[in-house]
Each structure stands twice: as structure tokens, then as C-alpha cells.
**Q** 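Below is a structure I'd like to ask you about.
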Amino acid sequence: MKAEPTPLPLAPGVVRFYSFLTRAGSLREDVLAGLALPQKSIPPKYFYDEEGCRLFEAICELPEYYLTRTETAILRAHIADIAQFVGPDAELIEFGAGVQAKTRILIQALQTRLYVPIDIAMDTLQASSNELAGRFPWLNVVGIRADYTRPLALPAFAGVPVRRKVVFFPGSTVGNFTPDEALQFLKQARRTVGRGGALLIGVDLRKDKATLDAAYSDAQGVTARFNLNLLERINRELGADFQPARFRHKAFYDPSAGRVEMHLESRLAQFVHVAGQRFDFAPGETIHTEISCKYSVAEFQDLGKRAGFSPEKAWTDPEQLFSVHGMVAA
Ligand code: AVJ
């Protein structure tokens, strides 16, 4: 982290990309470490290779997966209020750059002049940035390739007035953290936006088990393919010999913990090799691949407060499926 970064000059229509990726947290190290744990486990951020991104987009279209369309509907329904909450001349920093429909709604309504998407995947970042820059000719886009789950010092930009920084973190991706991790993450986001900055964050609400179980084990098996693609990715990128057909997708909501857990369950006794190391599986043993935590509005507001935000707004849909919080950094 440099103390006094030189502001980077901007020009509309010129899309810039910077890579802030450090070597730490590579697929290879994380997979080898995760498979050596008593409860084998692989971080969910590794779902999103090209095929994983494609499958996730297919999940977002599923009838059972209400999250994406509900969040989009909330943004549309409350966009005037959201624009008023954010105010003019906001630097819009998005964590993740995958699906842009929601971003478009915001950029259009806020008349955003500076958009800074942060994503771990350069191809996703470039595709999405170029598309948005083409669509909004007044927009300055600076794509940052980085892992937003780690502390991040963003460059300063020259030539565009900025009254406040706003982090946009849609999709309930914050649910991939445990509540403790989410608290640390929010504190970090609080530092990223600075005092008076804002956070617009989508959070899936607690609800009945049947709805959540169905959302994470869809009838068409797309979520199962998304989960199993992780093994195929590891085969492709680390030369491993997983046989995906020997694992089954398992996802369930745990109401007391308020979270969905996703696993890959071994159908039989087997062993696999990853980067020359052998890992054994008992029948029924699982690799834990994801948690997806759900919060009531009050629970998430409380988390925000503990991270140094003052929760000002919480927009929800009529069925109370999903929430979008507007918080200001105290
Ligand atoms: C992108 C992390 C929000 O947890 O709902 C979808 C990923 N996993 N189906 C979620 C996911 C299984 C999704 N997030």
C-alpha cells in the first residue's frame, strides 16, 4: 500500500484495468489446504471459472432461485428513493462484476460518472466493463482485478468530481461469509468508502426451509452442476483426477444457524489425487463448498452498526424474500 498515490487521470470511453491480485490465496494452495481439513472444504470463490459463471447465470434464471429477480425488482421499485439516498456525484464501487442488469439500473438512475468494478476474474471484469462503457458514453470505468475479500487500497482518480464513495455489493454474496467474517468484511468496506461513504448491499432474508431448500437444489439440477463444476475445474487447472459422477450435490437450510450449506458428498469409498497428493473419502463424506447465510433486516442492521455504519434504509419486496440495505459510514 502506497501512502500518497498519484491520482489516475480519467477519460470517458476509456476503460482502464488494473490488477491488484497478490499471489496469496491461489486455487492450488487453498484446495490442498482445504482437502487436508477434517471437514474437507473449498472456498466458494473458486466456483466462478468460465463454466461456473455461465452456470451461475443459469441459476439466476431458475424459477426456484428467487434471489436475483427479487433483488432486481426491489432496485427497480425503489430506484428514486435509492438515488436520493446515494445522492449526486457518487463514485460507484462494485464488489463483483458478474451480472450487470442491476448495475445498469443504478448507473442510469444515479447518472454515475465513475464506476469501479472489482472482480477476481479478468475476463468477467473486461466483458462487463466494456459493455457498460459502451452503453453509457459519459461513464468512466476503472476495472480492478482484485480479491475484494481482502483489504484493498483503491487508487485515487482525477478529473471526476466525487462527493462520496458508495460500495454496491448485490446478490447476497455477503451470505458466503460467516456472520463473524461478514462483520470483518463490513469493517473493511467501511474503510474503503471512508466517513460519510455509503454501502448498498443486497441480503437474502430468513424464510421457510422449503423455499430455501428448493432454491439451492433446483429441479433441473443446474445448482448440482454448478457445485460439481468445482471438481471439474480442479481437474482442469490442477491436473486432479476427481470423477464428478462419484459425488452428489447436497444443499440444505439449517434454520437454527440461519444458513444454507452446500456440500459435495462422496457416493462411495474412493481416493483422488490433486497436485500429486492423495485424498481419501469415506462413503458419505463431504467437501463443504459453500455457506449462504440469511439475515432478518434487524440482524443485518445490527451487524452494520457493529461495523461502524448507520443503517438508514432497508428496502424489501412485498413477499419479504430479499432486502437491500442503505447504510452510511459513521
Ligand atoms: C452468489 C453467493 C449469492 O449463495 O445464493 C447460488 C451462490 N450457490 N446457488 C448464493 C449460489 C448456489 C449465491 N451467491
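When a ligand or atom number is given, it counts from 1 through the structure's own listing order.
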**Q** Classify the ring geometry of Y48 against F56: parallel below 30°, tilted from 30° to 60°, perpendicular beyond 60°.
**A** perpendicular
**Q** Less than 3.5 Å apart, which donor and acceptor atoms pair up between the side chains of residues 153-168 and the rest of the protein, not counting sequence neighbours?
**A**
{"unit_1": "R164", "atom_1": "NE", "unit_2": "G196", "atom_2": "O", "d": "3.1"}
{"unit_1": "R164", "atom_1": "NH1", "unit_2": "F85", "atom_2": "O", "d": "3.0"}
{"unit_1": "R164", "atom_1": "NH1", "unit_2": "V86", "atom_2": "O", "d": "3.1"}
{"unit_1": "R164", "atom_1": "NH2", "unit_2": "G196", "atom_2": "O", "d": "3.0"}

**Q** Residues two or more places apart in sequence or in another chain: which of them pass side chain to side chain contact (heavy atoms under 4.5 Å, CB included) with D213?
**A**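 Checked D213 against side chain to side chain contact (heavy atoms under 4.5 Å, CB included); matches are K209, F252, Y253.
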**Q** For the residue pair F247 and F242, does the interplanar ring angle fall in the parallel (under 30°), tilted (30 to 60°) or perpendicular (over 60°) class?
**A** perpendicular
**Q** Does atom CZ of R267 have more than 12 heavy-atom neighbours, drawn from other residues, nucleotides or ligands, at distances under 6.0 Å?
**A** yes
**Q** Write out each pair where an N or O from ligand 1 and one from the protein are under 3.5 Å apart, with the distance.
**A**
{"unit_1": "ligand 1", "atom_1": "4 (O)", "unit_2": "S292", "atom_2": "OG", "d": "2.6"}
{"unit_1": "ligand 1", "atom_1": "5 (O)", "unit_2": "Y65", "atom_2": "OH", "d": "2.5"}
{"unit_1": "ligand 1", "atom_1": "5 (O)", "unit_2": "Y216", "atom_2": "OH", "d": "2.5"}
{"unit_1": "ligand 1", "atom_1": "8 (N)", "unit_2": "E290", "atom_2": "OE1", "d": "2.6"}

**Q** Can you list the residues that meet the side chain to side chain donor-acceptor pair (under 3.5 Å) rule with Q320, with sequence neighbours excluded?
**A** T316
